[in-house]
Q: 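One structure, pasted below without further comment.
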Amino acid sequence: MQNQITQNRIDALLTANHLPHTIIIEGDGDKKLALARYVAKAFLCDENPLGCNTCKSCHLAEVGTHPDITVIEPKGVNYSVEQFKELTKEIMLAPFMANGRVFIISEAEKLTEKCQNTLLKTLEEPPKNVVFILLSSN
């Protein structure tokens with residue numbers, strides 16, 4: 001049986017300030033993105049480790065316009081290497097308004113080998129207060 005992360009486990013990691021710098025969420029449907037957005041909102045909230053749902057950061061995360069949450073999607077059938085070359089530059093930028101940044105990589109199963117290699121060093125040694133959330137259907 002695979003080790004599945006539950007909402008309670010995520011809440012415990014957030015509360016203890018032990019969120020890993022890379023998270024993979026696997027499964028079918030839109031619940032993956034909803035969970036990723038929940039983690040991002042909570043991680044970037046200054047008021048409460050689980051998100052206060054009242055501050056500006058939580059509001060922007062909730063409506064999908066937080067400047068420190070970036071959702072990356074494939075352009076076409078697969079991702080392009082250029083997307084991840086740009087990403088490696090972008091992660092070096094300071095957060096716009098929060099104390100960190102979150103990058104959500106949708107459909108991670110569509111990463112080509114070249115894209116994976118471009119992203120590998122960044123995933124292994126990300127800048128401080130940067131979290132990557134990879135979403136995959138398998």
Q: Check whether any side-chain heavy atom of Ile72 lies under 4.5 Å from a side-chain heavy atom of Phe103, and answer yes or no.
A: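 Contact flag for Ile72/Phe103 side chains = yes.
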Q: Whether the Glu109 and Ser137 side chains hold a donor-acceptor pair (N or O, under 3.5 Å, no angle test) is what I'd like checked.
A: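 There is such a pair (donor and acceptor under 3.5 Å, judged by atom type) between the side chains of Glu109 and Ser137.
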Q: Look at the side chain of Asp68 and the backbone N and O of Pro95, then say whether any donor-acceptor pair between them is shorter than 3.5 Å.
A: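 It does not hold such a pair.
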Q: Between Ile10 and Leu35, is a side-chain contact (heavy atoms from CB on, under 4.5 Å) present by the stated rule, with each step listed?
A: CA-CA 10 Å; Ile10 288 174; Leu35 182 58; 3.5 Å; yes
Q: I'd like to check the side-chain contact (heavy atoms from CB on, under 4.5 Å) partners of Thr112; sequence neighbours left out, ordered by chain and number.
A: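 Partners of Thr112 under the side-chain contact (heavy atoms from CB on, under 4.5 Å) test: Asn78, Lys114, Cys115.
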Q: Between Met97 and His66, is any pair of side-chain heavy atoms under 4.5 Å apart?
A: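 In short, these two side chains touch, coming nearer than 4.5 Å.
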Q: Treating Arg101 as the side-chain partner and Glu90 as the backbone partner, does any N or O pair qualify as donor plus acceptor under 3.5 Å?
A: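 Present.
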Q: Are Phe132 and Ile104 packed together at the side-chain level, in the sense that at least one heavy-atom pair is separated by less than 4.5 angstrom?
A: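 SC-SC contact between Phe132 and Ile104 ruled out.
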Q: So does Thr122 get a backbone contact from the side chain of Glu125, meaning a donor-acceptor N/O pair under 3.5 Å?
A: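 Absent.
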Q: Going by heavy atoms in the side chains, are Lys41 and Ile69 under 4.5 Å from each other?
A: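 Counting from C-beta outward, Lys41 and Ile69 never come under 4.5 Å.
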Q: Can you tell me if Lys32 uses its side chain to pair, donor with acceptor, with the backbone of Gly27 under 3.5 Å?
A: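 Flag set: sc Lys32 to bb Gly27 pair under 3.5 Å.
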Q: Report the residues that fulfil ring-ring contact (aromatic ring centres under 6.0 Å, His included) with Phe43, sequence neighbours left out, ordered by chain and then residue number.
A: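 Here no residue qualifies.
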Q: Whether the side chain of Thr88 engages the backbone of Lys85 through a donor-acceptor N/O pair (distance < 3.5 Å, no angle test) should be reported.
A: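 Pair found, side chain donor or acceptor close to backbone of Lys85.
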Q: Between Glu26 and Ser136, is there a side-chain donor-acceptor contact under 3.5 Å, judged purely by atom types and distance?
A: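 Looking only at side-chain atoms, Glu26 and Ser136 do not form any donor-acceptor pair under 3.5 Å.
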Q: Do the side chains of Glu124 and Lys121 get close enough for a salt bridge, i.e. N-O under 4.0 angstrom?
A: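 Looking at Lys121 together with Glu124, the answer is no, because their closest N to O distance does not fall below 4.0 Å.
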Q: Checking the side chain of Gln116 only, and the main-chain atoms of Leu111 only, is there a donor and an acceptor separated by less than 3.5 Å?
A: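 Present.
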Q: Check for a donor-acceptor pair, side chain of Tyr38 on one end and backbone N or O of Gly51 on the other, with a separation under 3.5 Å.
A: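 Side chain of Tyr38 to backbone of Gly51: no pair is present.
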Q: What residues form a side-chain contact (heavy atoms from CB on, under 4.5 Å) with Asn99, not counting sequence neighbours?
A: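 side-chain contact (heavy atoms from CB on, under 4.5 Å) check on Asn99 returns Asp46.
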Q: When you compare the side chain of Ile105 with that of Ile133, does any pair of heavy atoms fall below 4.5 Å?
A: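 Ile133 vs Ile105: side chains apart.
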